[in-house]
Amino acid sequence: MTKIKNNNIPWPIRLLIYACLLFAMYVSWSTLALGLWGQATMGTVDSYDSRLDDRSAGQNRSRTISKGYYFTANGKQYRGYVIYASDEVWPRLPKGGTRAERILYLPFFPYINKPSALSDFDEMGALAIMYHLLAPLAYLFLLLLVSGTVKRQKKTNRRPVKQPDHHPVKLRNNAQMFCTNCGKALVKDAVFCTNCGTRILNRC
């Protein structure tokens with residue numbers, strides 16, 4: 001099986017992965033920020049949809065909720081839109097209808113806002129708080145992994161390198177029957193001198 005190296009990931013796909021991970025980190029961080037420093041106000045829900053996905057799903061997982069809303073802060077109106085999994089079953093809004101809902105927003109940056117059910121620690125529950133605390137760490141690790149900052153150390157099998165022969169090489173023809181290093185008589189077509197070990201190569 002061929003392993004895909006980080007360098008082989010096309011840039012468009014890599015940028016898409018970065019964007020998804022950064023957005024997921026933003027969702028968790030903004031939720032924690034709203035739970036810690038958010039200010040509550042009454043907003044107006046003007047679009048709502050509750051779609052049943054799985055009757056046998058676990059708690060807060062059976063429906064997909066989409067909700068659009070607006071609220072006023074510091075004399076200015078802000079809009080928000082969220083999609084989340086829940087068991088929430090509100091009646092569908094009639095055409096032009098609205099519904100009031102409590103919204104949390106950051107006073108110093110109201111563009112970060114969510115319904116209180118998604119950001120108020122008392123309504124979220126301990127499990128959701130733990131998720132938003134730990135999830136950014138996992139996303140950050142994946143981001144570093146994709147970017148190549150975190151690299152796996154691969155074990156390589158190293159073969160012993162054959163040491164070069166340091167004996168001087170002496171060339172000879174078949175008529176030369178004596179070692180040029182020690183003068184010992186050589187056997188015909190010998191490759192090494194039997195006396196000193198000098199390598200002997202035949203000349204063509």
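When reading the values below, keep in mind they use all heavy atoms of this one structure, side chains included, and skip hydrogens, waters and symmetry mates. The model shown is predicted, which means the values in this text are computed figures rather than measured ones. In what follows, residues are counted from 1 in the order of the sequence shown.
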Acceptor/donor pairs from residues 30-37 side chains to any protein atom, 3.5 angstrom cut, sequence neighbours excluded:
residue: S30; atom: OG; partner: Y26; partner atom: O; Å: 2.8
residue: S30; atom: OG; partner: V27; partner atom: O; Å: 3.0
residue: T31; atom: OG1; partner: V27; partner atom: O; Å: 2.7
residue: T31; atom: OG1; partner: K114; partner atom: NZ; Å: 2.4

Exercise. Does R51 use its side chain to pair, donor to acceptor, with the backbone of S66 at less than 3.5 Å?
Worked result: no
Exercise. Is there a path of hydrophobic side-chain contacts, each under 4.5 Å between heavy atoms of I, L, V, M, F, W or Y residues, that connects W90 with V82?
Worked result: yes
Exercise. Does C193 reach the side chain of N181, with side-chain heavy atoms less than 4.5 Å apart?
Worked result: no
For this session: Treat each ILVMFWY residue as a node, draw an edge where side-chain heavy atoms are under 4.5 Å apart, and state whether I83 and F23 are in one component.
Result: no
Exercise. Residues in side-chain contact (heavy atoms from CB on, under 4.5 Å) with D54, at least two apart?
Worked result: S56, A57
Exercise. Is any side-chain heavy atom of D49 less than 4.5 Å from a side-chain heavy atom of R92?
Worked result: yes
For this session: Verify side-chain contact (heavy atoms from CB on, under 4.5 Å) between E123 and S116, making sure each step is shown before the conclusion.
Result: CA-CA 8 Å; E123 297 187 44; S116 62; 3.3 Å; yes
Exercise. Are K67 and Y84 side-chain neighbours, meaning at least one heavy-atom pair lies under 4.5 Å?
Worked result: yes
Exercise. Do T98 side-chain atoms and T44 backbone N/O form a donor-acceptor pair below 3.5 Å?
Worked result: no
Side-chain donor-acceptor pairs under 3.5 Å in residues 125-145, sequence neighbours left out?
residue: Y131; atom: OH; partner: Y139; partner atom: OH; Å: 3.0
residue: H132; atom: ND1; partner: S28; partner atom: OG; Å: 3.2

Exercise. Do I103 and Y78 come close enough that some side-chain heavy atom pair is under 4.5 Å?
Worked result: no
For this session: Assess the pair F71 and Y105: is the distance between their ring centroids shorter than 6.0 Å?
Result: yes
For this session: Answer yes or no: is there a side-chain heavy-atom contact under 4.5 Å between M42 and R102?
Result: yes
